[in-house]
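Structure, as structure tokens:
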Amino acid sequence: MDRPLAEGIRSRLLAWFDAGHRDMPWRRTKDPYRILLAEYLLQRTRVASGTPYYERFVERFPDLASLAAASEEDVLRAWEGLGYYRRARYVHAAAKAIVREHGGRIPSDAATLATLPGIGPYTAGAVASIAFGEAVPAVDGNVTRVVSRLFRVEADVTTAAGRASIQELAAGLVPTARPGAFNQALMELGANVCTPRRPACPACPLAGLCMAHGAGVQSALPRTPPSRRPTAVPVSFAYIRSRGKVLLVRRPESQILGGLWSLPGGEVPSDRRARASLRDLVAAQTCLRVDVAEDVGRVAHVFSHRRWTGRVYRCVPRGTGRLPSTARWVAAEEVLHLPVVPDHRKLLAELGFRRPLESFDAPRRRRA
DNA sequence: AACACGGGGCA
DNA sequence: TGCCCAGTGTT
């Protein structure tokens, strides 16, 4: 790293950052717990999306001890709707590990932070630099973009070699003084100025030092491989009620929407035979056989050809045709306190599930 | 190296 | 509709 160049980047970027930046709740605190929590929340998540969750989360779990002592269900409930639900279990597990193995004190160096669940190179660097002042880089999508343009990195940044280049260049920039502010400034620049498309180079404090801008190739960087076509897959759920309750299943943690409660189903029927077996699966349950088995076709509200995230995911082996052991009949008031797949919560609300169970069972067909 | 994992914003 | 985003862990 050319030292005068690095110095120029630091001074200009920090001056720009100090002159004004977005106000974020986790920037107003020095509490490592809140900074750590914010970093978990913001993994692959826009600031605007994560902020309300951050506010609710710190109100619900104001310190590390309260989070560590909470039930996983409560933590997931606070995360409901944000996505990437694995993060909720990771931050919960991390809080427990910090209490158990670090005396309740959040580790202050990136290397130790990286041993905690859900903390990788980015989050370790962000927390170490922002909360504890360690001079380490925090390379996220923004920093990757900014650095690749600043130094005109032509390599594919998704490969190991490309990532290493970016990481090394970023490490050479981080100042000993105010490393956290510098890392945030880099991210801020990437979010507001050095944007993915049509970067605002005339407004950029680093334009004069930027190799991509000098060559006019900034919009072509960073280089990434062509994306693969997403494929829509059919997904079915069963809406089954009995005696004023609805059947919910806690989804396996390793699968999509893992750990949340959903309507039974959610597998990917690959053909007609697979689709029929969902009905078999429903009918196999004893309680269903008693109450609704003969009416499964009538009471089951099956959604097919539902598009999830636009990506293909694995078909789940159908197993023995029994419902998961977590299957549970749940009353309306209890649903409100469970971490339920957000789409299903909306659906249940639309079907009147928030109202007394009698009206829930009443005829409600009405065409406009 | 490739994949899985959510949801929302934007052109 | 396609791409991107304050990434990480598994296979």
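In what follows, chains are A, B, ... by sequence order, proteins preceding strands, each numbered from 1.
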Any side-chain N or O of [X] less than 4.0 Å from the OP1 or OP2 oxygen of [N]?
X	N	answer
A:Tyr85	B:dG7	yes
A:Arg44	B:dG8	no
A:Thr45	B:dG6	no

Between A:Met187 and A:Ile119, just flag the one whose closest nucleotide in DNA chain C comes earlier from the 5' side.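 Here A:Met187 is the residue nearer the 5' end.
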Starting at the 5' end of DNA chain C, which residue's closest nucleotide do you reach first, A:Arg22 or A:Ala114? A:Arg22
Rounding to an integer number of Å, can you tell me how far [X] [atom1] sits from [N] [atom2]?
X	N	atom1	atom2	answer
A:Phe17	C:dA6	CZ	C1'	12 Å
A:Arg251	B:dA4	CZ	P	15 Å
A:Tyr84	B:dC3	OH	P	15 Å
A:Leu82	C:dT8	CG	P	15 Å

Can you tell me, in whole Å, how much space there is between the P of C:dA6 and that of B:dA4? 23 Å
For C:dT8 versus B:dG8, give the span between their P atoms, rounded off to a whole number of Å. 22 Å
Please confirm whether A:Tyr53 and A:Trp79 have ring centers closer than 6.0 angstrom.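 No, ring centres 6.0 Å or more apart.
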Students often get this wrong, so: under 4.0 angstrom with heavy atoms, is A:Ala160 touching a base, only sugar-phosphate, or nothing? sugar-phosphate
Check ion pair [X]-[Y] (N to O, under 4.0 angstrom):
X	Y	value
A:Glu39	A:Arg34	no
A:Asp18	A:Arg178	yes
A:Glu80	A:Arg345	yes

Need to verify one output field. Residue with the more 5' nearest nucleotide on DNA chain B, A:Arg46 or A:Thr159?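 Result: A:Thr159.
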On DNA chain B, nearest-nucleotide positions of A:Gln43 versus A:Ala161: which is more 5'? A:Ala161
